[in-house]
Amino acid sequence: MPNHKIALLPGDGIGPEIAREAVKIFKLVEERNDDTSFTITEAPFGAGAYFECGHPFPEETKAVCDAADAIIKGPIGLSHEESQKIPVDMQPERGALLPMRARYQTFANFRPVSLPKALAHFSPLKPEVIGDGIDLVMVRELVGGLYFGAKEVGVNDAGLRYVRETLEYDEEQIRRVSHEAFKLAMRRKKVLHNIHKSNVLKSSVLWNEVLGEVAQDYPEVEVRHVLVDAAATALCLNPGQFDVMVMENMFGDILSDQGGGILGSLGLMPSSCKGPEKSYYEPSHGSAPDIAGQNIANPYSMIGSVAMMLEDSFGMTQESKNVWSAMQSVFADGFSTPDLSKPGAGVKMIKTDEFGDKVVAALAAMPRP
Ligand code: IPM
Ligand code: MG
């Protein structure tokens, strides 16, 4: 019987609250699947870890993650004011998150931007723009580009302070993420939107060249090239034209937040980050310190990350689908949490843990896979 070792890093702010709901789902999935068990080990990560252990990605946490088959982490970070109490390089984004991505070389970040019809009222887009709902996946390169390039800060010959950050990719980095995007396109609608800025950036020229070579292996996939700025507009005007989109790191950071914007909330954005050996899973949003500790944050992105792990790391495709539908059925029944509801939408308001319990009840009522 496969036993999957999972590292659970609850993170900061609302992280621990929504992580608790994720654990409920793992427990139920374990009960429902006789041939599967999970060993979940919790470890500190983020700003809390810095205050507790002196480092946002402590050695003990690295050991837990190294030993795990997959990692699930909550959001990290503090308010701008609180962050100032932490030295710049120990702040959780620079001191924990980027080192985690580098450590496991999680080069392909999958960010579904998905809004079934039952949730369409969340979106700020007009119903006629949304049509049958929004359903696309952004594939973001996650360990290259400006985020990881050489950086230099100094004073130049003219006595002016300057900064230099490097956007660097080699062809293999582009190739491996392109393959992931094409493979996903093959499993979906066989259309891949390549997002680039080759009218200005040489990095995009190479990106397009390598992606074009990879395309030879997937003759059934139609590739459509779109400039990143035009893609930002098109996402608002006609999101239905997109299915799988692939892009470099920085473009993906920005466009995926826009993806959350067209859904109506980043709270609806789970994600998976795939490396050669293991993947980690996380909400794409921040730790929402303003609503932390109140039991009002929706656990959708965390439970969605569980669903992504079940499918991508453990091959439990049907159970993953069940978790998604269980979660969507809670919204379809008219329930939501205060952070994910609009005044006047007639939502029956429930708390974080109640939302988790309803997902559990819905999943428990489904046939076992
Ligand atoms: C994301 C986040 C991170 C990023 C931050 C927290 C470093 O915005 O995952 O999109 O920029 O990649
Ligand atoms: Mg981001």
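The structure displayed is predicted, hence computed values, not measured ones. Read the numbers this way: they start at 1 and go in the same order the structure lists the ligands and their atoms.
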**Prompt:** Does Met250 come within less than 4.0 angstrom of ligand 1, counting non-hydrogen atoms of the residue?
**Reply:** no
*Note the single closest protein heavy atom to atom 4 (C) of ligand 1, along with its residue, its atom name and the distance in Å.*
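Looking at atom 4 (C) of ligand 1, the protein heavy atom closest to it is Tyr147 OH, 3.4 Å.
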of all protein heavy atoms, closest to atom 2 (C) of ligand 1 is Asp253 OD1, 3.9 Å
| field | Criterion side chain to side chain contact (heavy atoms under 4.5 Å, CB included) against Leu255, the qualifying member of Met138, Met250, Arg140 | value |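 With Leu255 as partner, side chain to side chain contact (heavy atoms under 4.5 Å, CB included) holds for just one option, Met138.
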Q.
Please state which option from Arg111, Glu93, Glu282, Arg94 has its nearest heavy atom closest to atom 9 (O) of ligand 1.
A.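 Of the listed residues, Arg111 has the closest heavy atom.
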- Asn33 side chain to Asp35 backbone, donor-acceptor under 3.5 Å: no
Going by the 4.0 angstrom heavy-atom rule, the piece of Ile76 near ligand 1 is neither
Any heavy atom of Arg101 under 4.0 Å from ligand 1? The part involved is side chain
- Query: Are any of the side-chain nitrogens in Asp312 or Lys274 under 4.0 Å away from the carboxylate oxygens of its partner?
  - Reply: no
| query | When you check the gap from the basic side-chain N to the acidic O, do Lys85 and Glu82 get nearer than 4.0 Å? | reply | yes
For Arg140, the atoms of ligand 1 under 4.0 Å from one of its heavy atoms are 1 (C), 4 (C), 9 (O), 10 (O), 11 (O), 12 (O)
ask   = If you check every N/O/S atom of Asp253, which is the one nearest the Mg ion (ligand 2)?
value =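 For Asp253, the N, O or S atom at the smallest distance from the Mg ion (ligand 2) is OD1.
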Worksheet item: Can Thr106 and Arg101 be counted as having a side-chain donor-acceptor contact under 3.5 angstrom?
Response: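 There is no such pair between these side chains.
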How about Arg368 and Gln318: does a side-chain donor come under 3.5 Å of a side-chain acceptor?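 No, Gln318 and Arg368 have no side-chain donor paired with an acceptor closer than 3.5 Å.
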